[in-house]
Every structure is written in structure tokens, then in C-alpha cells.
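Have a look at the structure below, then the notes.
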Amino acid sequence: MIMFDRLKKAFSNMVKGLSEKELSESDIDKVFSEIEIALLESDVAQETINHLHNKLKGELVGKRFDKGKDTEEIVKDALKDIMLSIFNNAGTIDVIERVKSKKSKEKEPYTILFLGINGTGKTTTIAKFANLLRKNNISTVMVAGDTHRAGAIEQITEHANRLGVKVIAQRYGADPAAVGRDGLLYARAHRVDTVLIDTAGRMQTSKNLMDEMAKIVRVVKPDLKIFVGDSLAGNDTIVQAREFQRYTDFNAIILTKSDSDYKGGSALSIVHVTNRPIVYLGVGQGYDDLIPFNAREFVEQIVEGNSMSR
Ligand code: GDP
């Protein structure tokens with residue numbers, strides 16, 4: 001999983017291009033035009049690229065450099081710091097810790113709403129999450145909150161059965177907010193620690209979908225709202241995230257399909273655009289293929305091309 005391969009080339013060209021002097025704005029522009037291509041090829045959104053460009057100018061214009069390898073290191077370090085501050089600004093959320101904390105303090109189930117467009121891997125992610133929670137001795141009930149898409153209830157039920165988890169469902173066409181409430185009542189009555197709520201990902205209009213999501217949020221009042229995005233869908237994922245954020249004000253992000261042809265740009269862009277942290281990455285179709293997101297490791301990897309450890 002090598003990302004931003006082209007950055008390497010950008011840096012080596014840059015070092016050749018710079019003389020021993022104070023860096024001017026046009027030096028940075030020249031260098032950045034190479035970096036920009038690398039970023040674009042890695043699916044970084046244009047507004048995030050512009051942000052990196054401006055910040056890099058702010059950091060480097062007027063600095064004195066000796067010709068040679070140091071310059072590359074200085075630019076790379078500046079770029080890493082800027083990227084890292086995008087992730088740091090969004091903060092971090094330890095979901096397991098939050099669930100445990102509520103369990104010990106309030107003895108109330110912790111509810112998590114999963115949001116996102118069909119096909120991104122939302123249902124699979126819920127199953128992976130139930131598996132992760134179980135490994136941490138946290139019990140779950142799943143809620144079949146997508147009452148629109150044919151097959152959605154059966155799909156989540158199949159995952160639940162495989163994992164030995166209870167699923168709360170009603171008929172197709174039922175009000176998902178009511179199904180969510182049922183899940184919460186079940187968890188309270190049976191002392192289940194968490195309620196994982198699936199939601200619809202497509203409807204006649206985007207407005208209908210967003211209104212439905214906003215209603216579930218009002219009725220269920222989830223402790224956590226996680227946007228599930230497809231890391232391969234590029235700008236579509238960013239557009240979707242923005243819209244879901246407007247209607248649901250989600251707290252955290254899981255990016256799926258970060259295993260296959262993943263170039264990394266969507267992770268950086270989605271956090272920059274939403275200012276919400278990525279809590280996990282989906283890295284395959286199995287239940288164990290959910291790994292915590294590590295911003296420092298990620299930044300190191302995209303700038304240096306190091307492979308990410310699992
Ligand atoms: P939903 O419509 O959003 O609920 O999507 P599904 O959970 O049905 O997933 C759609 C497809 O993506 C399925 O074939 C999943 O196995 C696959 N999928 C989900 N997450 C990942 C992932 O992290 N990596 C890979 N390679 N495939 C995934």
C-alpha cells in the first residue's frame with residue numbers, strides 16, 4: 001500500500017530546482033505545482049490542496065535554506081506538520097472508552113447511529129463494530145434501521161446471526177426512528193451495553209433521506225453518530241459527508257475499503273472538510289478488518305511512502 005509515490009519525485013525535482021537562498025513565494029509555488037499533482041493523483045480534494053499550499057507558504061516563505069538534502073527534509077516536515085494539524089484540529093474519540101465510561105457511570109446503553117450512502121460498506125461496518133465491541137467484553141444489539149432497501153433487513157440479520165447478536169427489526173416501510181427506539185428499549189430491558197443502528201442510504205430524493213436521518217437523530221438521541229464513507233469514492237465521499245454533516249452533525253468517521261486501491265487522499269480531505277476525526281478504517285470484508293486510525297502513522301506514510309502497519 002504505497003501512497004503518494006509521486007511525492008517522492010516532486011521532492012527530488014524540487015531540491016534540484018532550489019538555489020541556496022531565502023525561499024520566495026514563487027519558489028514555493030513552483031515546488032507546490034509538483035506536489036499538487038501528487039496530491040490530486042492521490043484523491044486529495046482541491047480545497048484541501050489549496051489549504052496545504054497556503055499553509056506551506058506561510059511556513060516557508062522567507063526561510064533560509066542551504067542547497068541540498070536538508071531542503072527536502074524541511075519541506076517534508078512542514079507538509080507533515082500541516083497535515084497533522086488537520087487531524088489534530090478534528091480531535092480524537094476513543095469509542096470503546098466512551099462506551100465503557102457510560103456503562104460504569106449511567107448503566108444506560110450507549111447508542112451509535114451509522115450514517116452513509118448505500119454500498120459504502122455501512123452494514124458490514126456495523127457487523128465489524130459488533131465484533132470489535134465483543135472482543136472488548138461489550139454486548140450489542142443491532143437495529144435494522146434501513147426499512148427502505150429491499151434485502152437490507154435480511155442482510156443485517158444475517159450478520160447478526162453469524163455474530164450471535166440480537167437484531168431488532170420491523171417490517172419494510174416502518175418508521176426507522178421507531179425501530180431505533182425499540183432497539184433502545186430492548187437494550188435497557190436486557191441490559192445490553194450498546195445499540196448499533198443501521199440507517200437507509202438511498203431514497204427517492206436526497207432531501208427525503210436527510211429528513212429521515214435528522215428525525216432519527218431527534219428521536220433516538222444517539223450518543224455517537226458515525227459517518228461511514230467509501231475511501232475509493234473520491235470527491236463523492238466528500239460531497240456526501242458534507243450533506244450528512246449539515247443534517248445530522250455527525251461526530252466521527254469510518255472510512256471503508258482502505259485496503260484495495262487506496263491512495264489516502266480521501267482521509268485527509270474528509271477530515272479537513274468536516275473537522276471530524278476518523279476513528280477506524282475498514283481494510284477488508286472480514287469481521288476483523290477494522291483497524292484504529294493513526295494520524296501520525298498515516299501522515300508519515302503519505303509523505304514518506306512508508307507502508308502502514310496493521
Ligand atoms: P452498505 O450498502 O453500505 O450497507 O454496504 P455493505 O455493507 O453491503 O458493503 C458493500 C460491499 O462492500 C460488500 O461487498 C462488502 O463486503 C464490501 N466492503 C465493506 N467494507 C469493506 C472494506 O473495508 N474493504 C473491502 N475491500 N470491502 C468492503
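We count ligands from 1, going down the list as the structure has it; atoms in each ligand are counted the same way.
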*side-chain hydrogen bond (donor to acceptor under 3.5 Å, both in side chains) partners for Gln46, two or more places apart*: Glu36, Asn50
*Considering residues at least two apart in sequence or located in another chain, which fulfil the salt bridge (Lys or Arg N to Asp or Glu O under 4.0 Å) criterion with Arg242?*
Glu47
*Does some side-chain heavy atom of Gln240 sit less than 4.5 Å from a side-chain heavy atom of Phe227?*
yes
*asked:* In this structure, would Leu196 and Leu185 fall into the same cluster of hydrophobic residues linked by side-chain contacts under 4.5 Å?
replied: no
*Pocket residues of ligand 1, ordered first by chain and then by residue number (heavy-atom cut-off under 4.0 Å)*: Ile117, Asn118, Gly119, Thr120, Gly121, Lys122, Thr123, Thr124, Lys128, Gln155, Thr256, Lys257, Asp259, Gly282, Val283, Gly284, Gln285
*Exceeds 12 heavy-atom contacts within 6.0 angstrom, atom NZ of Lys215*: no
*List, by chain and then residue number, the residues other than Ile153 in its hydrophobic cluster (Ile/Leu/Val/Met/Phe/Trp/Tyr, side-chain heavy atoms under 4.5 Å); write none if there are no others.*
Tyr172
